Asks: 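Pasting in a structure now, in structure tokens, and then I'll have a few things to ask.
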Amino acid sequence: MTIPALTLNNGVAIPQLGFGTYKLAPAQTRDLVLRAFDAGYRHVDTAQMYRNEREVGQAVAASGLPREELFVTTKLNNAFHAHDDALAAFDRSLDELGLDVVDLFLIHWPLPAVGLYTQAWAALEEIYASGRARAIGVSNFQPDHLTRVLESGTVVPAVNQVESHPYLQQAEVRAFDAVHGILTEAWSPLGRGAVLGDPVIAGVAARHGVTPAQAVLRWHVQRGDVVFPKSATPARIVENADIFGFTLDDGDMRAIDALDRDERQGSHPDTENRTDR
Ligand code: NAD
């Protein structure tokens with residue numbers, strides 16, 4: 001199976017499908033990431049907040065795969081937006097992961113009431129300039145947060161990773177990202193399972209002889225999102241990667257597009273300001 005790659009605004013290639021690791025217990029993470037590699041995934045999404053970077057790094061080392069075939073993303077945790085804290089936190093991530101270079105480093109949340117994300121972005125620009133992150137970006141940034149980053153910085157974020165699934169399609173954020181050459185990554189692409197019982201999705205899946213999860217992931221891929229579904233169940237890890245052998249037609253795409261109802265599973269970026277996670 002070949003997973004297609006998209007190209008970031010600095011020319012770096014990113015596999016459009018990855019493996020999500022939020023809520024994977026550290027004790028399971030190494031084995032599950034290795035299973036994902038066996039199933040063909042080459043992209044892993046972790047974060048300082050997930051407390052499993054070390055085990056992700058162990059899987060990378062144990063896989064025997066050439067480093068240049070893998071794409072590893074991690075994210076700056078909320079307590080470390082101050083410039084020097086961000087630099088030190090990034091050093092700790094490299095240490096935990098056992099890597100010299102990450103493929104993508106993101107600011108995890110903007111934390112607007114904390115008000116330090118442009119300072120954090122300046123630190124990420126320095127990390128990028130040092131060559132220790134092949135690309136840098138943001139997560140959970142609304143257009144007004146991105147506007148401040150674009151005004152204060154010199155590097156345009158390569159990605160904006162936001163919650164997105166059929167019940168939260170993020171038209172405004174995706175349009176802003178697209179205008180500025182920022183690739184949108186969809187976190188919780190399955191809505192943490194909430195969209196999988198939807199009758200419209202069940203109908204699309206049945207027409208193609210696939211599962212609801214596969215139909216939803218295929219919808220994301222065809223609209224151009226990067227996705228990294230999470231599962232701790234080996235059969236589902238395989239299932240979620242098996243989405244490149246069928247194509248949704250315009251009617252299927254429109255039917256899923258029509259499910260948008262501004263329903264979040266996670267926090268709203270304008271009001272999430274916790275620094276203790
Ligand atoms: P998800 O949408 O990937 O849903 C995962 C859940 O869906 C699983 O726990 C399981 O219950 C179910 N599931 C998975 N595959 C299934 C299948 N084939 N059939 C039936 N049910 C299935 O949710 P997520 O883990 O929240 O998001 C994916 C990844 O996005 C995370 O692991 C993480 O890497 C990233 N993420 C980022 C942020 C952020 O703030 N940047 C926030 C949340 C998640």
Side-chain angles (χ1 to χ4, degrees), residues 14-26 28-29 32-33 35-36 39 41 43-53 55-56 59 71-78 102-111 117 136-142 145 157 159-170 173 177 183-198 201-202 205 210-221 225-243 263-274 277:
I14 180 169
Q16 200 176 1
L17 174 77
F19 184 58
T21 65
Y22 179 47
K23 295 235 167 113
L24 290 187
Q28 317 175 274
T29 298
L32 291 169
V33 173
R35 281 182 187 271
Y41 297 74
H43 166 181
V44 185
D45 183 86
T46 184
Q48 294 167 358
M49 192 187 289
Y50 304 166
R51 314 260 187 259
N52 57 19
E53 289 175 299
E55 293 75 15
V56 168
F71 193 99
V72 178
T73 299
T74 194
K75 314 184 192 86
L76 179 69
N77 208 353
N78 294 346
V102 295
D103 298 282
L104 181 60
F105 190 51
L106 307 179
I107 301 177
H108 204 148
W109 287 90
L111 312 175
Y117 59 82
I136 53 174
V138 297
S139 179
N140 300 301
F141 275 47
Q142 298 284 87
H145 308 136
V159 313
N160 185 18
Q161 180 179 129
V162 295
E163 179 179 348
S164 191
H165 44 71
Y167 292 164
L168 183 73
Q169 296 188 18
Q170 298 274 27
V173 171
D177 290 351
L183 188 62
T184 303
E185 296 189 328
W187 65 253
S188 293
L190 304 173
R192 297 190 171 144
V195 303
L196 299 180
D198 190 286
I201 290 170
V210 300
T211 67
Q214 290 172 320
V216 171
L217 293 170
R218 184 70 210 176
W219 170 81
H220 279 289
V221 164
D225 298 340
V226 172
V227 284
F228 22 82
K230 168 253 172 184
S231 176
T233 307
R236 287 176 173 175
I237 293 174
V238 172
E239 175 188 324
N240 291 345
D242 187 12
I243 56 169
E263 182 178 297
R264 285 177 196 273
Q265 299 298 315
S267 306
H268 194 294
D270 285 336
T271 52
E272 172 61 68
N273 288 297
R274 284 174 289 176
R277 301 174 70 199

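Atoms within each ligand, like the ligands themselves, are counted from 1 in listed order. A quick note: this is a predicted structure, and the numbers were derived from the prediction, not measured.
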Asks: Considering heavy atoms of the protein only, find what lies nearest to atom 34 (O) of ligand 1 and give residue, atom and distance to 0.1 Å.
Replies: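 Ranked first by proximity to atom 34 (O) of ligand 1 is Asp45 OD2, 2.7 Å.
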Asks: Would you tabulate the side-chain donor-acceptor contacts of residues 17-26 under 3.5 Å, counting partners in other chains and residues two or more places apart, or write 'none'?
Replies:
{"from": "Thr21", "atom 1": "OG1", "to": "Asp45", "atom 2": "O", "distance (Å)": "2.7"}

Asks: Is Asn140 reaching over with its side chain to a backbone N or O of His108, donor-acceptor style, under 3.5 angstrom?
Replies: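 Yes, Asn140 side chain to His108 backbone: donor-acceptor pair under 3.5 Å.
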Asks: Any donor and acceptor pair, going by atom type alone, linking the side chain of Thr233 with main-chain N or O of Ile237 inside 3.5 Å?
Replies: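 Checked: no pair found.
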Asks: Can you find an N or O of Tyr22 that's nearer than 3.5 Å to an N or O of ligand 1?
Replies: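 Right, the criterion is met.
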Asks: Tell me, which protein residue and heavy-atom name are nearest atom 40 (O) of ligand 1, and how many Å apart are they?
Replies: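 It is Asn140 ND2, 2.9 Å.
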Asks: Mark yes or no for whether His220, through its side chain, and Val227, through its backbone, hold a donor-acceptor pair below 3.5 Å.
Replies: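 Checked: no pair found.
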Asks: By number and element, which atoms of ligand 1 are closer than 4.0 Å to a non-hydrogen atom of Trp109?
Replies: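 Counting from 1, the qualifying ligand atoms are 40 (O).
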Asks: Any N/O of Arg192 closer than 3.5 Å to an N/O of ligand 1?
Replies: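 Arg192 vs ligand 1: N/O contact under 3.5 Å present.
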Asks: Considering heavy atoms of the protein only, find what lies nearest to atom 44 (C) of ligand 1 and give residue, atom and distance to 0.1 Å.
Replies: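 Result for atom 44 (C) of ligand 1: Trp187 CE3, 3.7 Å.
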Asks: Identify, by atom number and element, the atoms of ligand 1 in contact range of Pro189, meaning under 4.0 Å from any of its heavy atoms.
Replies: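 Going through ligand 1 atom by atom, the ones under 4.0 Å from Pro189 are 2 (O), 3 (O), 28 (C).
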Asks: When you measure from atom 2 (O) of ligand 1 to each heavy atom in Ile237, Leu190, Leu106, which option holds the nearest one?
Replies: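 When every heavy atom of Ile237, Leu190, Leu106 is considered, Leu190 comes closest to atom 2 (O) of ligand 1.
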Asks: Any side-chain to backbone donor/acceptor pair from Gln214 onto Ala205? Under 3.5 Å, distance only.
Replies: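 Not a single qualifying donor-acceptor pair exists.
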Asks: Number the atoms of ligand 1 from 1 as they appear, then name those within less than 4.0 Å of a heavy atom of Gly191, with their elements.
Replies: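 Going through ligand 1 atom by atom, the ones under 4.0 Å from Gly191 are 2 (O).
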Asks: Could you tell me, atom by atom, which parts of ligand 1 come under 4.0 Å of a heavy atom of Pro229?
Replies: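 In order of number, 3 (O).
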Asks: Looking only at atom types and distance, does a side-chain atom of Asp103 sit under 3.5 Å from a main-chain N or O of Val72, one as donor and one as acceptor?
Replies: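 Flag set: sc Asp103 to bb Val72 pair under 3.5 Å.
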Asks: Does the side chain of Ser267 pick up a donor-acceptor pair with the side chain of Glu272 at under 3.5 Å?
Replies: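 A donor-acceptor contact under 3.5 Å links the two side chains.
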Asks: Does Tyr50 have a non-hydrogen atom less than 4.0 Å from ligand 1?
Replies: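 In this structure, Tyr50 qualifies as a contact of ligand 1 - some heavy atom is under 4.0 Å.
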Asks: Hey, which of Thr74, Leu76, Asn160, Val159 is the one that makes side-chain contact (heavy atoms from CB on, under 4.5 Å) with Leu106?
Replies: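 Result for side-chain contact (heavy atoms from CB on, under 4.5 Å) with Leu106: Val159.
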Asks: Against heavy atoms of Glu239, which atoms of ligand 1 measure under 4.0 Å?
Replies: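 Contacts of ligand 1 toward Glu239, numbered from 1: 17 (C), 18 (N), 19 (N).
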Asks: Among all protein non-hydrogen atoms, which one is nearest to atom 24 (P) of ligand 1, and what is the separation to 0.1 Å?
Replies: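 Answer, as residue, atom name and distance: Ser188 OG, 3.5 Å.
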Asks: Side chains of Thr184 and Gln170 only: does a donor on one sit below 3.5 Å from an acceptor on the other?
Replies: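 No - no donor-acceptor pair under 3.5 Å links their side chains.
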Asks: Report, in ascending order of atom number, the atoms of ligand 1 lying under 4.0 Å from any heavy atom of Gly193.
Replies: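 Checking each atom against Gly193, I get 7 (O).
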Asks: Please list the nearest protein heavy atom to atom 22 (C) of ligand 1 with its residue and the distance rounded to 0.1 Å.
Replies: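 Minimum-distance protein heavy atom for atom 22 (C) of ligand 1 reads Arg236 NH1, 3.8 Å.
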Asks: Using a 4.0 Å cutoff against the non-hydrogen atoms of His108, which atoms of ligand 1 qualify?
Replies: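 Listed by number with element, the hits are 39 (C), 40 (O), 41 (N).
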Asks: Give the residue and atom name of whichever protein heavy atom lies nearest to atom 15 (N) of ligand 1, and the separation in Å to one decimal.
Replies: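 For this ligand atom, the closest protein heavy atom is Asn240 ND2, 3.1 Å.
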Asks: Determine whether a donor-acceptor pair (N or O, by modelled atom type, separation under 3.5 Å) exists between the side chain of Gln142 and the backbone of Val173.
Replies: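 No, because the side chain of Gln142 does not come within donor-acceptor range (under 3.5 Å) of the backbone of Val173.
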Asks: When you measure from atom 14 (C) of ligand 1 to every protein heavy atom, which one gives the shortest distance, and what is it?
Replies: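 Atom 14 (C) of ligand 1 sits closest to the protein heavy atom Lys230 O, 3.2 Å.
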Asks: Is there side-chain contact between Pro166 and Asp198, with at least one heavy-atom pair below 4.5 Å?
Replies: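 Not touching, per the 4.5 Å side-chain cut-off.
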Asks: Does ligand 1 have any atom sitting under 4.0 Å from a heavy atom of Leu196?
Replies: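 Yes, Leu196 has a heavy atom closer than 4.0 Å to ligand 1.
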Asks: Mark yes or no for whether Glu53, through its side chain, and Thr46, through its backbone, hold a donor-acceptor pair below 3.5 Å.
Replies: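 Pair absent, no side-chain N/O of Glu53 close to backbone of Thr46.
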Asks: Please list the nearest protein heavy atom to atom 28 (C) of ligand 1 with its residue and the distance rounded to 0.1 Å.
Replies: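 Answer, as residue, atom name and distance: Phe228 O, 3.2 Å.
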